[in-house]
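Report on the following structure.
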Amino acid sequence: MKRLAWLTLCSILPAAAALDRDAIISQYFGNDGAWYHDRIPLLETSSTEIQEVYYYRWNIFRAHQRDLGAEGYISTEFINDVGWQTQPSALLIDASNFHLREGRWCRDRRFKQDYSGVFYGANGNPYQFSEAFADGVWQGYLVDGVVDEASVHLDAMQSVWDGWNASQIASPESVAGYDSEKSLFYIWPIDDATEYTIASIDTSGGYDGFLGGSAFRPSINSYQFANAHAIANLAELSGNQALASDYRQRAASIKQNVQDSLWNDTFQHFVDRYKEDNENVTYWDYIRGRELVGYLPWTHDLPDDDETYAAAWSHLMDEDKFAGPYGLRTVEPSYEYYMRVWRYEGTHTECHWNGPLWFYQTTQVLTALANLLDHYPTSRETGVVTNADYTHLLQQYAERHYNPQRGGILDAEENYDADTGLPIVGLARSPHYFHSGYIDNVLAGFVGIRPRADDVLEVNPLADASSVSYFRAEGVLYHGHDVSVQWDASGDQYGTAGLVVEVDGAAVATSPDLTRLTVNITREEPVQFGSPTCISIQQGVDTEYPVGSVSVANADANAVHAAIDGRVWFFPESDVANGWDSPVGDGSEVWFQVDFGTQVQTGRGEIAFFADDSQGFAAPGSYRVEVNSSGSWVEVSNADYADPLPNGITEVSWDGVETNQIRLLFTPEEGAAVRLVEFKVFEE
Ligand SMILES: *[C@@H]1O[C@H](CO)[C@@H](O)[C@H](O)[C@H]1NC(C)=O
Ligand SMILES: *[C@@H]1O[C@H](CO)[C@@H](O)[C@H](O)[C@H]1NC(C)=O
Ligand SMILES: *[C@@H]1O[C@H](CO)[C@@H](O)[C@H](O)[C@H]1NC(C)=O
Ligand SMILES: *[C@@H]1O[C@H](CO)[C@@H](O)[C@H](O)[C@H]1NC(C)=O
Ligand SMILES: *[C@@H]1O[C@H](CO)[C@@H](O)[C@H](O)[C@H]1NC(C)=O
């Protein structure tokens, strides 16, 4: 009743002060701001680190959007190619749930839509690693509210789910399956993206642990539980009750079996049990220690809300257990092989999950903790974890993004030592790693926008009032509405003390405290962004067409390929260089050519030039575009050449023309080279 009174009162309040979008976008993204301007919600908060890292993580998101051409975009995981990615797309599915949960806050729905099309299409690789892709699609739907787009892959979601339900799945890449005697899924830890965990190390008798160690794990069972719920939810929206109840039943069975079998009352934790049976370990025995993966059931709302399971959370903030001084450990220090290293690349330590801090599981645990604090009232009541813990862990997570080994720049690395805060792996492939989430932890946790399937906007901030004096998230596209959430403890920051929820610019709910607010809203068609198909993408360096070439002799094929590989970023560090470098300017003109292998219609281009004085790169003063017209090179007609924009997208358009080859020509400035990050060509 009290809340209703508030709502009536507040709907007449004026909208609070808005953030200066142009200035913020320019501050964080410079000349590349156009990509972000209409696509991202803004965030301002009294925690400098949480705010700066929020924008850095959008930079990561953008950098890892790989345009595959006709198939659209996927999210990649490594900034540089690695040997175990799906060829030629570079798809790696183990972090896909993060990619989708980050992407659900992008106002442009294209990225998650395209990614789903690839994952559930002919070139997807759904058993490469354990996955919660259907859940990611469902989580995206909760934000945008567009039923048709979420349910388009419902059939494929079922086949993928059913594919995991085999005694040994038919994938050469993954050792996993379903044990019908125990009614649980098992997997090698490495196929769960977590090599060197207790199961795999102990299976080898402490000899290794990279491969092997099949176990019934909290991870894959929670993912399959979440995927089953997603399928059931989408089936219900499509009016297919029979399908919905089939998958609800599957989810219920997994839940029951995870609770009955993976909960270990001695450890007071969900832990692996062995599928493996050899001289070192015995089938169905529990592993001998607690792992952070034991919180994953809450990431996907699996456990019952009771005091038994809530006890697991007493280990989280315990400094002798998971809570390292610089972040969460993946395995507790009491384990015999805690932090032991077996595998190296040269002299560099390779990845291990036997203790190091990993953003992957930090993200999952923050999501789990947010779920617990938001809608596990009995567990929350025990007081073992609080909003202050959530805020502390998020703050600590943000701080780890500043890499002292790379001069303090913002840089998400592969793993860290929880006792020193320093990155461990640091290989060539490691910088700006998109193997985790953060934006979702900020918007759904800290700010507390709890996405829902019904026509309700629910906000329950987990930001801790004692340490967070203000925050404002603005321009969140939710069910077709523009939503902002603002907290100002004193009123000094925004002129209004308290919590304010705004919909389409009007304050619709307020509270003097950081507390839960709900508002009924209508469902509107969200704004639609364009979805042009790039026709100049070459997915792999050996893919036949389109293919690039340059005016310079003996050019590096990988560098030429990089300028049409669908990846755009402007990180200044020289070890993540992306594109083709022209010779240093001496007055002569150079060109970059794309051969389409067939006649195609062209009318527009997007050019990405990198620039950095200290490395000797500058955008050219001008450029032009030519096409092969019946055997001779002619400049496109009526070209509208935007001024070359360093570290951003230079737009060019011309009168539509058919051609088999196109060239970008420019003269590098005297003494400087041009790095062509990307040359994208479109029909119009
Ligand atoms: C897996 O498949 C078997 C055989 O078809 C079936 O009996 C079982 O219920 C399925 N398990 C789940 C969790 O759906
Ligand atoms: C069991 O452990 C020993 C090391 O103690 C190792 O040499 C052996 O290979 C292990 N057995 C298997 C089947 O992995
Ligand atoms: C928990 O697992 C350990 C083995 O790691 C085992 O000794 C213990 O009996 C298990 N506890 C229960 C209650 O099953
Ligand atoms: C919100 O919608 C629910 C369900 O339609 C309704 O019961 C409730 O009264 C509405 N609340 C307000 C404040 O309009
Ligand atoms: C234009 O394309 C045709 C057909 O591939 C080719 O034979 C010709 O050499 C090209 N012209 C130029 C000037 O490169």
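Just so you know, these numbers come straight off a predicted model, no measurement behind them. As the structure lists them, so they are numbered: ligands from 1, and atoms in each ligand from 1.
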Worksheet item: Is it true that Tyr338 and His352 have ring centroids separated by less than 6.0 Å?
Response: no
Item to complete: Number the atoms of ligand 5 from 1 as they appear, then name those within less than 4.0 Å of a heavy atom of Gly631, with their elements.
Response: 11 (N), 12 (C), 13 (C)
Fill in: Non-hydrogen atoms of Ala509 and Val519 that approach each other most closely
CB-CG2, 3.8 Å
Response to the item:
By side-chain hydrogen bond (donor to acceptor under 3.5 Å, both in side chains), Glu336 pairs with (sequence neighbours left out) Arg288
Worksheet item: Do Phe596 and Tyr545 make the cut of ring centroids closer than 6.0 angstrom?
Response: no
Item to complete: Say whether Asn628, considering both its backbone and side-chain N or O atoms, lies within less than 3.5 Å of an N or O atom on ligand 5.
Response: yes
Worksheet entry | Ser200 side chain to Gly213 backbone, donor-acceptor under 3.5 Å | no
Discussion item. Suppose we screen for ring-ring contact (aromatic ring centres under 6.0 Å, His included). Which residues come up paired with Tyr360, at least two apart in sequence or across chains?
Written reply: Phe98, Trp353, His435
Discussion item. List ligand 5 atoms under 4.0 Å from Gln661, heavy atoms only on the residue side.
Written reply: 1 (C), 2 (O), 10 (C), 14 (O)
Practice prompt. Please list, by chain and number, the protein residues whose heavy atoms come under 4.0 Å of ligand 3.
Written response: Asn264, Asp265, Thr266, Phe267, Tyr286, Ile287, Arg288
Practice prompt. Enumerate the residue pairs fulfilling side-chain hydrogen bond (donor to acceptor under 3.5 Å, both in side chains) with a member in residues 552-564, sequence neighbours excluded, ordered by first and then second residue.
Written response: Gln538-His561
